[in-house]
Amino acid sequence: MVNRHARPIRGSLAVTLGAALCLTAACSKQGSNNSGASSAPSGSASSSVTVAFVPKLQAAYYDAMDTGAEAAAKALGFKWVVNAPPTADPAAQASIVQSFIQQKVSVIAVAPDDPNSLAPVLAQAKAAGIKVITSDSDAPDSVRSLFVNQGTAEAIGEALVDQMVKGMGTTGEYAIVSCGQTAANLNSWIAVQKSYAAKKYPGLKLDSVVYASEDQAQAVTMAKSLMAAHPQIKGLVGECTTSAPGVAQAVQETGKIGKVFTVGVGTPKSMLPFLTNGSSTASVLWDVQALGYLTAWTGYQLAAGNALQPVNHVSDSLPAVQEGVMDGVPTMLLGPPLILTKTNDGQYDY
């Protein structure tokens, strides 16, 4: 396990809800002042606040969240720490949470790999007086007080289907290569994809949903197996940031570019070669650094006892983040998804 502290700030943070998201150099000059928690001088009460984050695993995606979170910590003067297991491992996540309980951090934010297995240790954290939130993936049956949500299940699931049919058309067979079988966010997107495709594109047929954990190589193997088992397949969805490039790599390696079309939830750098060569049509994502900023900012507000508002000015580049209850879950909602294609993917640096 690796504990990362005080990483240098990389890239930039810029997002306007309801508009195009960007992390280009032109956007990086936007400010990061916050309402509800102004930048705190050294020695203030905020310097005693520590917000800890436990990602699913060590990955470029979570490095990008870390970058955004550290920008928030710098702006507000609190301490941000992150510790991730090398690979997706619910037991390792639980162990890290226990270590943060022993360190008496102020807030623990978790992206659960297996929500149910993590629930008992999150209860221990709450019992120890630590604020508990989830981010990126939720743990609905746990004591977490709030979920920092990158986008609604409807928005992400529907966008994945709409982008897939841009490549394969509105009829034909497709399959989904997901990651963790118990990941709440992935399963919610898949549920939306199934219902939305059946209603809007009745000519589509879902052949199979398989699970590759958080392993790109396994996603490649599974995608190849799906194409062999279903020779008429026209579409593949990679449901997470390892399976999205994995399904595209499988199409490239089997020489099926232009015959099988892929979409997924992939980070810009990992998807760029596949979007460029046509093995992927699009990636449905969100501003990952902004998600990290919002996670850290929210954790700080809870630790400081600041009430969240229905609409929150988190920063100049996150001016209107909504807080409310979605599907019974207290939520801070980042905003609409970002669609990456070969024309705009190169603008992003993570």
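Numbers here simply count residues along the sequence, with the first being 1.
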Going through the distances and angles, do K269 and D349 end up as a salt bridge (charged side-chain N to carboxylate O under 4.0 Å, His left out)? CA-CA 7 Å; K269 281 189 174 180; D349 63 355; over 6 Å; no
Of all the heavy-atom pairs spanning Y62 and D136, show the shortest one and how long it is. OH-OD2, 2.8 Å
Hey, mind stepping through E253 and K224 against salt bridge (charged side-chain N to carboxylate O under 4.0 Å, His left out) and telling me if it holds? CA-CA 9 Å; E253 292 180 355; K224 289 180 178 179; 2.7 Å; yes
May I ask you to check whether Y201 and D162 show a side-chain donor-acceptor distance below 3.5 Å? yes
W189 and side-chain contact (heavy atoms from CB on, under 4.5 Å): which single residue from N187, N185, V192 fits? N185
What class does the angle between the rings of Y300 and F78 fall in, given that below 30° is parallel, 30 to 60° is tilted and above 60° is perpendicular? parallel
K131 atom NZ, neighbour heavy-atom count above 12 within 6.0 Å: no
Identify the two heavy atoms, one from T341 and one from N344, that lie closest to each other, and give their separation to 0.1 Å. N-OD1, 2.7 Å
Taking atom types as modelled, find out whether N277 and S279 have a side-chain donor-acceptor pair closer than 3.5 angstrom. yes
E323-N312 side chain donor-acceptor pair, cut-off 3.5 Å: no
Would you say L118 and I96 are hydrophobically clustered, going by side-chain heavy atoms of ILVMFWY under 4.5 Å? yes
Is there a donor in the side chain of W80 and an acceptor in the side chain of D66, or the other way round, less than 3.5 Å apart? yes
